[in-house]
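Shown next, in structure tokens, is the structure this report addresses.
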Amino acid sequence: SRFRGQRILFVLGGPGSGKGTQCAKIVEKFGYTHLSTGDLLREELKKDTDRARMMSEIMKDGKLVPQEIIVELLKDAMLQHPQSPGFLIDGFPRELGQAKQFENELAQCDRVVFFECTEVVMVERLLKRGETSGRADDNSETIKKRFQTYIEKTLPVIQYYETLNKVRKIDATRDVDEVFEDVCEMFADLAQ
Ligand code: UP5
Ligand code: MG
């Protein structure tokens, strides 16, 4: 693949588990390229097109945008970083079909980092962020739907990669620095 030699890490966990927060710290320390699929999609929403309006409705409803759109966005973004040691693909794949399409068309994933967190903690974080984030999906009604999608569609992805022994589970209920200590340990292990 054209991404040979570049590591691919899928970063998964429920809404508000801290994927974005930890990825920012990983970039700082390990120089990986962080691609948040949610951020890429929110960037697309700024366009004044029918497709953007359709995507906005889906996201407000906590459902999944058609995977072709996301794989295309990821591919374009990855091609812009040919020198990067690796990619943190944050919030993707969210269902098995996405995983299959990504791996068939772009590259195999090396690891899945799974930020495991309780729903109570995640809801609390998201509602707090919702006070200032301006994100259309940080309200309790949409948060419930995001959880439902996560449990129905995304947990099976984690289970699938567990059968391939690629998942590294990290307790994400703790404070940011404690979680990051475990992330660093995982990276040390990855380098070997
Ligand atoms: N925070 C973080 N870590 C903390 C800690 N250890 N202790 C205390 N507070 C902590 O963190 C969330 C909040 O918690 C922040 O305020 C942070 O300061 C605090 P964050 O790092 O943002 O968590 P993250 O897991 O990134 O949460 P996010 O809300 O981004 O997760 P989602 O997975 O729900 O959102 P995403 O942006 O990935 O997707 C949004 C929507 O896009 C989806 O619902 C879906 O509709 C659509 N989508 C697709 O359709 N397909 C895709 O492939 C991707 C997205
Ligand atoms: Mg995020």
Side-chain angles (χ1 to χ4, degrees), residues 9-28 34-46 51-78 87-103 106 109 112-155 157-158 170-183:
L9 271 64
F10 289 154
V11 181
L12 295 178
S17 57
K19 301 182 290 295
T21 303
Q22 293 297 324
C23 283
K25 294 178 76 72
I26 295 169
V27 168
E28 221 175 277
H34 176 207
L35 300 176
S36 159
T37 47
D39 289 348
L40 289 171
L41 290 171
R42 281 184 287 278
E43 218 26 63
E44 282 294 296
L45 296 190
K46 292 180 185 161
R51 190 175 90 154
R53 282 182 281 276
M54 175 271 288
M55 284 160 51
S56 159
E57 287 308 311
I58 293 174
M59 290 170 73
K60 242 182 267 165
D61 206 23
K63 299 227 166 70
L64 299 177
V65 168
Q67 67 191 45
E68 290 70 23
I69 296 177
I70 299 144
V71 172
E72 187 69 29
L73 289 171
L74 279 173
K75 180 180 162 190
D76 289 348
M78 287 166 72
F87 295 101
L88 302 163
I89 314 284
D90 163 0
F92 178 97
R94 280 173 128 92
E95 61 181 346
L96 271 173
Q98 297 187 345
K100 301 264 152 90
Q101 190 185 344
F102 183 96
E103 293 201 318
L106 302 183
C109 112
V112 177
V113 189
F114 171 32
F115 290 114
E116 192 175 43
C117 199
T118 61
E119 187 164 331
V120 183
V121 170
M122 292 191 270
V123 171
E124 189 182 84
R125 288 179 188 170
L126 291 175
L127 289 177
K128 181 154 174 258
R129 185 179 66 187
E131 292 167 12
T132 54
S133 70
R135 262 179 67 164
D137 60 351
D138 278 346
N139 58 78
S140 49
E141 200 189 329
T142 307
I143 290 170
K144 269 191 214 120
K145 293 177 177 170
R146 286 158 71 191
F147 273 112
Q148 217 174 327
T149 303
Y150 168 68
I151 288 163
E152 276 172 27
K153 308 266 162 97
T154 311
L155 283 182
V157 177
I158 295 165
I170 293 178
D171 172 6
T173 56
R174 299 164 298 161
D175 73 42
V176 173
D177 292 331
E178 282 177 296
V179 175
F180 191 59
E181 270 179 40
D182 282 5
V183 170

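Counting starts at 1 for both ligands and their atoms, following the listed order.
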*For atom 23 (O) of ligand 1, what is the nearest protein heavy atom, given as residue, atom name and distance?*
Gly18 N, 3.2 Å

*For Lys63, atoms of ligand 1 separated by under 4.0 Å from a heavy atom*: 45 (C), 46 (O), 50 (O)

_Among all protein heavy atoms in this structure, tell me which lies nearest to atom 13 (C) of ligand 1, with the distance rounded to 0.1 Å._
Arg125 CB, 4.0 Å

*Would you check the N or O atoms of Val65, main chain and side chain alike, for any that come under 3.5 Å of an N or O of ligand 1?*
yes

_Derivation of the side-chain contact (heavy atoms from CB on, under 4.5 Å) call for Val157 and Leu12_ = CA-CA 9 Å; Val157 177; Leu12 295 178; 4.1 Å; yes

*asked:* Check this for me: does any side-chain nitrogen of one of Asp138 and Arg146 sit under 4.0 Å from a carboxylate oxygen of the other?
replied: yes

*Looking at Met59, which atoms of ligand 1 are within less than 4.0 Å of one of its heavy atoms?*
41 (C), 42 (O), 46 (O), 47 (C)

_Any heavy atom of Gly13 closer to ligand 1 than 4.0 angstrom?_
no

_Per-atom contacts, ligand 1 versus Asp137 - under 4.0 Å to a heavy atom_ = 40 (C)

_Heavy atom of Ala24, distance to ligand 1 below 4.0 Å_ = no

*For Leu126 and ligand 1, answer yes if some heavy atom of the residue is under 4.0 Å from a ligand atom, otherwise no.*
yes

_Minimum heavy-atom distance Gln67-Gln98, with the two atoms named_ = OE1-N, 3.4 Å

*State plainly whether the residues Lys145 and Asp61 are in salt-bridge range, i.e. N to O under 4.0 Å.*
yes

_atom 34 (O) of ligand 1: the protein heavy-atom neighbour that sits closest, reported with distance to 0.1 Å_ = Arg146 NH2, 2.7 Å

*Arg51/Glu44 ion pair, N-O < 4.0 Å*: yes

*asked:* Using a 4.0 Å cutoff against the non-hydrogen atoms of Phe92, which atoms of ligand 1 qualify?
replied: 53 (O)

_Under-4.0 Å salt bridge between Lys144 and Glu141_ = no

*Which bit of Val176 is near ligand 1, meaning a heavy atom under 4.0 Å away: side chain, backbone, both or neither?*
both

*Using a strict cut-off of 4.0 Å, indicate which atoms of ligand 1 neighbour a heavy atom of Asp175.*
6 (N)

*Could you find the nearest protein heavy atom to atom 51 (N) of ligand 1 and give me its residue, atom name and distance?*
Ile70 CD1, 3.2 Å

*Considering only heavy atoms of Gly14, which atoms of ligand 1 have at least one such atom less than 4.0 Å away?*
25 (O)

*Do other residues, nucleotides or ligands put more than 12 heavy atoms under 6.0 Å from the CD atom of Glu124?*
no

*asked:* Suppose I only count heavy atoms of Gly91 and a 4.0 Å limit; which atoms of ligand 1 are within that range?
replied: 52 (C), 53 (O), 54 (C)

*Is a side-chain N or O of Thr142 found less than 3.5 angstrom from the main chain of Gly62, in a donor-acceptor match?*
no

*Heavy-atom nearest neighbour in the protein, as seen from atom 12 (C) of ligand 1, with distance rounded to 0.1 Å*: Arg129 NH1, 3.7 Å

*asked:* With ring pair (Phe, Tyr, Trp, His ring centres under 6.0 Å) as the criterion, how do Phe10 and Phe102 come out once you've worked through the C-alpha distance, each side chain's angles and the decisive distance to 0.1 Å?
replied: CA-CA 11 Å; Phe10 289 154; Phe102 183 96; 5.2 Å; yes

*Does Phe180 have Lys25 sitting over its ring (NZ/CZ under 6.0 Å from centre, angle to axis within 45°)?*
yes

*Considering only heavy atoms from C-beta outward, does the side chain of Leu126 approach that of Pro15 to under 4.5 Å?*
yes

_Residue-level breakdown please: for Leu41 versus ligand 1, do any non-hydrogen atoms fall below 4.0 Å on the side chain, on the backbone, on both, or on neither?_
side chain

*Would you check the N or O atoms of Gly16, main chain and side chain alike, for any that come under 3.5 Å of an N or O of ligand 1?*
yes

*Would you say Lys63 and Glu57 make side-chain contact, with heavy atoms under 4.5 Å?*
no

*Give the single entry among Thr173, Thr132, Leu12, Thr21 that approaches atom 11 (O) of ligand 1 most closely by any heavy atom.*
Thr21

*asked:* Does only the side chain of Lys19 get under 4.0 Å from ligand 1, or the backbone, or both, or neither? Count heavy atoms.
replied: both

_Please give me the minimum heavy-atom distance between Thr173 and Thr118, naming the atom from each residue._
CG2-N, 3.7 Å

*Out of Arg94, Arg174, Glu178, Arg42, indicate the one that has the non-hydrogen atom closest to atom 55 (C) of ligand 1.*
Arg94

*Can you tell me the protein heavy atom closest to atom 26 (O) of ligand 1 and the distance?*
Gly20 N, 3.0 Å

_Ligand-residue contact atoms, ligand 1 with Pro15, heavy atoms, under 4.0 Å_ = 31 (O), 32 (P), 34 (O)

*Out of curiosity, is Arg135 lining ligand 1, as in a heavy atom under 4.0 Å away?*
yes

*Measure across Ala172 and Cys117 and return the closest heavy-atom pair with its distance rounded to 0.1 Å.*
O-SG, 3.8 Å

*Can Lys46 and Glu43 be said to form a salt bridge (Lys or Arg N to Asp or Glu O under 4.0 Å), step by step?*
CA-CA 6 Å; Lys46 292 180 185 161; Glu43 218 26 63; 3.0 Å; yes

